[in-house]
Amino acid sequence: LLAGVNQAAQLRMGNFSPEPISVGDLFAGALLPGMMLCGLYMLWVVYKAILQPETAPALKMTPEERRGLPKRVVLALIPPLALIVAVLGSILGGIATPTESASIGAIGALVLAALNRRLSFDTLSYAARNTMVTTSIIFVIVLAASLFSLIFRGLGGEHLVETALKNVPGGAMGAMLAVMAVMFVLGFFLDTFEIILITLPICGPALIMLGLDPLWIGVMIGVNLQTSFLTPPFGFSLFYLRGIAPRSVTTGQIWKGALPFVALQV
């Protein structure tokens with residue numbers, strides 16, 4: 001997507017030629033913000049556990065279960081962590097392209113399923129069908145967003161956006177904050193892919209032409225859109241939690257509990 005933004009900027013400015021941004025660069029650029037977010041989450045949970053212990057009750061276990069807990073935790077964490085390291089490590093290390101690393105992740109998931117004795121034809125069929133549906137949905141969104149962007153540019157909308165962003169108080173930073181605010185609000189109502197494919201081709205070139213680094217723009221957009229997974233009414237993470245939470249936990253409680261994490265991300 002950022003490479004497309006670079007190309008669009010080159011078309012708009014002629015001799016303007018920013019260095020292409022790879023997916024590996026984006027992963028590397030997102031490492032520090034990701035670790036910062038993880039640290040903030042951990043500090044918030046520690047704060048709640050110490051000052052509001054009723055919100056983080058201790059597990060009720062027998063002494064034998066308590067002694068075996070560290071082993072269970074390690075066995076539960078190592079396989080998915082190894083899979084994450086294999087996928088991201090292959091990209092950051094230049095061993096594989098993002099597409100090739102995705103196949104590494106798929107093979108790793110198959111191996112983990114086999115080790116857990118949960119690999120079967122039904123499991124493979126279910127995963128294949130879901131992959132096909134998800135891929136089809138993404139391609140439909142890409143096609144629709146591409147058509148929208150082409151028509152928008154053809155009618156001069158890109159020039160209007162560029163002019164509007166240049167007139168925002170605060171210069172480049174003011175324009176960036178304006179785009180971030182719009183994306184944050186859109187995150188309440190639209191899917192992440194829709195937001196990226198509609199707003200980035202329109203606002204990206206203008207932001208780059210204002211002198212902002214495209215890699216920084218990409219990471220900022222990624223962190224911003226991360227909040228869309230936690231903001232109602234269409235926050236995906238909220239519905240995932242709703243699907244596994246007991247009936248005694250209401251949807252309103254889940255939404256309320258997500259607000260501090262949204263604030264931390266902002």
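All residue numbers in this chain count up from 1 along the given sequence.
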* To do: Might you confirm whether atom CE of Met36 has over 12 heavy atoms from other residues, nucleotides or ligands at distances under 6.0 Å?
  => no
* Considering all heavy atoms of both residues, which atom of Gly257 and which atom of Pro260 are nearest to each other, and what is their separation? -> O-CD, 3.3 Å
* Does the separation of the ring centres of Tyr47 and Trp44 fall below 6.0 angstrom? -> yes
* Taking side chain as C-beta onward, heavy atoms only, is Val249 less than 4.5 Å from Pro246? -> yes
* Asked: Shortest non-hydrogen contact from Gly187 to Thr231?
  -> O-OG1, 3.5 Å
* Closest approach of Leu210 and Ala172, non-hydrogen atoms and distance? -> O-CB, 3.8 Å
* Asked: Any chance OH of Tyr126 has more than 12 other-residue heavy atoms, nucleotides or ligands included, within less than 6.0 Å?
  -> no
* Run the side chain to side chain contact (heavy atoms under 4.5 Å, CB included) check on Leu186 and Thr199 step by step: do they pass? -> CA-CA 10 Å; Leu186 289 176; Thr199 60; 3.7 Å; yes
* For Ile254 and Thr250, run side chain to side chain contact (heavy atoms under 4.5 Å, CB included): C-alpha distance rounded to whole Å, both residues' side-chain angles, the deciding distance at 0.1 Å, then the answer. => CA-CA 7 Å; Ile254 294 175; Thr250 66; over 6 Å; no
* Asked: Can you check whether Tyr41 reaches Leu37 side chain to side chain, under 4.5 Å on heavy atoms?
  -> yes
* Distance-only polar pair, side chains of Thr62 and Arg66, donor-acceptor under 3.5 Å -> no
* To do: Identify the heavy atoms of Gly105 and Leu83 that sit nearest to each other, and give their distance.
  => O-CD1, 3.6 Å
* Asked: Are Thr123 and Arg118 close enough that some pair of their side-chain heavy atoms sits under 4.5 Å apart?
  -> no
* **Residues Glu100, Ile104; criterion side chain to side chain contact (heavy atoms under 4.5 Å, CB included); working and verdict** => CA-CA 6 Å; Glu100 293 166 350; Ile104 293 175; 5.6 Å; no
* Distance (rounded to the nearest 0.5 Å) between Asn224 CG and Ile221 CD1 -> 8.0 Å
* **Criterion side chain to side chain contact (heavy atoms under 4.5 Å, CB included) on Thr163 and Asn167, from CA distance to verdict** => CA-CA 6 Å; Thr163 303; Asn167 292 328; 3.6 Å; yes
* Structure fact -> Interatomic distance, CD@Gln226 vs OG@Ser237, rounded to 0.5 Å, equals 7.0 Å
* Asked: Say you draw a straight line from CE of Met180 to CE of Met183; how long is it, rounded to the nearest 0.5 Å?
  -> 5.0 Å
* Structure fact -> Correct closest heavy-atom pair for Cys203 and Leu165 would be O-CD1, 4.3 Å
